[in-house]
Each structure stands twice: as C-alpha cells, then as structure tokens.
Enquirer: 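Before I ask anything, let me first share the structure, which is written out below as structure tokens.
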Amino acid sequence: MQNYQSIKESLINLEKEIQEKISSIIDVEHLKELYQDILGKKGRITEILKQLKDLSPEEKKEIGIIANQLKDQLTVLFKEKQVELEKKEIQESLQKEFFDILRPIKNRVGRIHPLSQIQYEVEDIFINMGFQIMEGPEVELDEYNFGKLNFTDDHPARDMQDTFWTEEGFLLRTHTSSVQVRAMEVLKPPFKIIVPGRVFRYEETDASHENTFYQLEGMMVDKNVSTANLIYIMKTFLSTFFEKDVTVRLRPGYFPFVEPGFELDIQCLICSGKGCQVCKYSGWVELLPCGLIHPNVLKAGGIDPQIWTGFAFGMGLSRLVMMRHSIEDIRHFLSGNIRFLEQF
Ligand code: PHE
C-alpha cells in the first residue's frame with residue numbers, strides 16, 4: 001500500500017515539477033533534452049513504472065491509467081512549448097537576418113525571350129545588308145507619331161491606330177514609324193536603318209491583338225530608290241530568315257506616310273500556296289505593310305524630295321515570332337508564364 005501511494009505521489013509531483021521546468025526553458029534544444037529525461041525510453045516515467053512489479057493487479061491498473069494520462073498531458077505541454085519556441089526563433093531571425101528576395105534561385109538559368117531572340121536574328125540579317133540599328137522613345141510627341149508622317153490633325157487614318165494618351169498630351173507610340181523623321185533629322189542621306197521596338201495600342205485584346213507588341217521598322221533613303229529595291233530587300237530578308245525561297249506579292253495599302261503604299265504578302269510556307277488553315281485557304285499570308293516614303297515626310301525630316309527618295313516597311317516582330325514557332329496566342333509573350341518561356 002505504501003508503495004502504491006508513493007508511486008502515485010511521485011507521478012503527481014512529477015507533473016508539477018515538469019510544468020515549472022518547461023516554463024523556464026528558452027530554446028528548443030533544451031526542451032528536447034528535458035523531453036528525453038522525462039518521456040524517453042530511459043526517462044523518469046519509465047523508471048517510476050519499473051517499481052510497479054510488486055503491486056496488485058488492480059493497483060497496477062490504476063497507476064497505469066494515471067501514468068498514461070500524465071504522459072498525454074506532458075506530451076501536449078511539450079508540443080505547445082515547442083511551437084512557442086519555434087515561433088520565437090523565426091521572429092528573432094527575421095529581425096536580425098537580411099533576406100534577399102532577388103537572389104537567383106539555384107539551377108534556374110534564365111534565357112533570352114523568344115521575341116528578343118528573333119529580334120537579334122533579324123537585326124543580323126539587315127546589318128549584313130548594310131543597315132544601321134536605331135532606337136526612339138516609347139513615350140512620343142504627336143508630331144513624330146502622326147503629324148510629321150503626313151497625318152493631319154483630323155485625318156481619319158489616325159483612327160486606324162487607337163492611341164494611349166498621357167494627361168500631359170504625350171502618347172505611347174503606336175508604331176515604330178515614329179522614328180522615321182527622328183532618324184532623318186540626325187542622319188545624312190544616303191542611309192539604311194532598322195528600328196526594332198515596343199509599340200502600344202489601346203485595343204481590345206484577343207489571340208492576335210495585344211495592347212503592347214513589337215515591330216521592326218525599316219527605311220532606306222538614297223537616290224532613285226524604287227519599289228524594285230523594296231521588293232529585292234524584302235525577298236532577300238525573307239528567304240534568309242525562313243531559309244527557303246519566298247514568293248511575295250504586293251497589294252495596294254493605304255498609309256499617309258507612303259506613296260505608293262502596299263501590303264506585302266508571302267506565299268504560304270506551310271502549303272506552298274495550295275491553301276491550308278494557316279493561310280485560311282487563300283495561299284497567301286499578309287506579312288508587312290510598306291511603300292515609298294511620301295515627299296511630305298522627307299520634307300518634314302529636312303530632306304529634299306527632289307533629290308532623295310526612299311522606301312519604308314513595318315514588320316510585325318511579334319507576328320513573325322508567332323509564325324516561326326507556331327504560337328497560337330500573342331498574349332503568351334508578356335504573360336510572364338515560365339512554362340511558356342522555357343520552351344525557347
Ligand atoms: N507603321 C505602320 C503600322 O504600324 C506600318 C508601315 C510602316 C506602313 C512603314 C508603311 C511603311 O501600321
């Protein structure tokens with residue numbers, strides 16, 4: 001009986017003792033040590049239960065129940081304390097450690113965006129033909145985007161390009177043609193330039209329309225430049241780019257800054273002109289608008305149209321990349337979707 005009482009008491013005392021000890025612990029390591037001391041295989045509870053062997057079956061049963069309850073209680077206490085300590089440690093390390101969220105993630109190597117890849121490729125082809133690369137601002141003045149390109153203030157052709165305006169009266173350039181007159185102002189003819197760049201239109205987006213996309217403008221100014229020169233340069237570029245002979249055709253097209261103006265189509269590369277889904281069974285794919293530079297534009301750029309002539313074209317770079325890789329939706333480009341980008 002004495003034995004039974006003393007075991008029971010030591011279990012009850014143990015509970016109080018542990019409660020006190022736990023509350024004074026300040027780190028997870030010491031908590032684990034204490035746990036082993038008490039509830040581990042060779043811990044105090046096991047030691048106490050070893051003394052049970054001389055007791056009657058009823059007494060054993062009763063002590064057993066008390067011991068199990070105690071174990072459960074203590075386990076909960078340890079768990080709660082552990083959570084509390086871990087939280088505290090995280091708080092402390094957050095306060096003293098600087099965490100660099102821009103640090104590169106291991107094993108994730110970036111790559112060049114498909115638009116840039118093709119842009120560089122196209123640039124190389126034109127550089128080999130003697131063209132220079134130029135750039136212009138994305139936030140533009142009306143005069144460079146429209147006015148000096150022979151769009152009068154109320155010209156209906158302005159409606160062809162829905163425009164983002166800033167409150168100060170600037171606009172986001174709607175085409176890379178905005179660089180035509182800027183280039184004329186700084187270069188002395190003869191010259192040949194290309195202008196790759198980002199352009200913006202206030203547009204309802206769908207699979208083939210985006211508010212932000214990429215164009216590549218081309219322009220040549222020299223004496224006696226004709227449509228034949230334009231066609232030759234375009235065919236040379238396209239055959240090099242697509243690595244096969246490309247058949248082109250010109251249809252009339254209207255832009256205020258060229259005269260005559262054209263839409264250049266290429267014979268469908270998928271079906272060789274027989275008709276398929278890609279060319280909508282017409283055998284032709286509309287590729288780029290172009291034309292001979294309007295005399296008013298040359299004048300606006302300070303170039304005498306009696307002496308100099310030129311051609312210009314505006315290639316849809318986004319469109320070209322979509323054709324090359326069979327990309328079905330233009331909105332993928334700026335989506336930031338890693339799974340899309342990792343394919344290139
Ligand atoms: N800038 C025109 C557009 O974006 C395209 C173009 C460029 C047409 C050069 C003719 C000559 O629609």
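Side chains included, hydrogens not; waters and symmetry mates left out as well; all remaining heavy atoms used. If you're wondering where the values come from, they're calculated on a predicted model, not measured in any experiment. For ligands, and for the atoms within them, numbers begin at 1 and follow the listed sequence.
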Enquirer: If only side-chain N and O atoms count, and only distance matters, is there a donor-acceptor pair under 3.5 Å linking Q119 with E123?
Expert: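 Yes, a side-chain donor-acceptor pair sits under 3.5 Å.
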Enquirer: Are the charged groups of D142 and R158 less than 4.0 angstrom apart, N to O?
Expert: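 Yes, charged N to carboxylate O under 4.0 Å.
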Enquirer: Taking the six-membered ring where the residue is Trp, are the ring centres of F313 and F126 under 6.0 Å apart?
Expert: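 Distance test on ring centres: under 6.0 Å, yes.
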Enquirer: How would you list all residue pairs meeting salt bridge (charged side-chain N to carboxylate O under 4.0 Å, His left out) that involve residues 61-72, not counting sequence neighbours?
Expert: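 Qualifying pairs, neighbours excluded: none.
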Enquirer: Atom CZ in F237, atom CE in M315: separation rounded to 0.5 Å?
Expert: 4.0 Å
Enquirer: Indicate, with yes or no, if the rings of H294 and F257 have centres closer together than 6.0 Å.
Expert: no
Enquirer: Between ligand 1 and the protein, find all N/O pairs closer than 3.5 Å and give the distance for each.
Expert:
| from | atom 1 | to | atom 2 | distance (Å) |
| --- | --- | --- | --- | --- |
| ligand 1 | 1 (N) | H175 | ND1 | 2.9 |
| ligand 1 | 1 (N) | S177 | OG | 2.7 |
| ligand 1 | 4 (O) | R201 | NH2 | 3.1 |
| ligand 1 | 4 (O) | Q215 | NE2 | 2.9 |

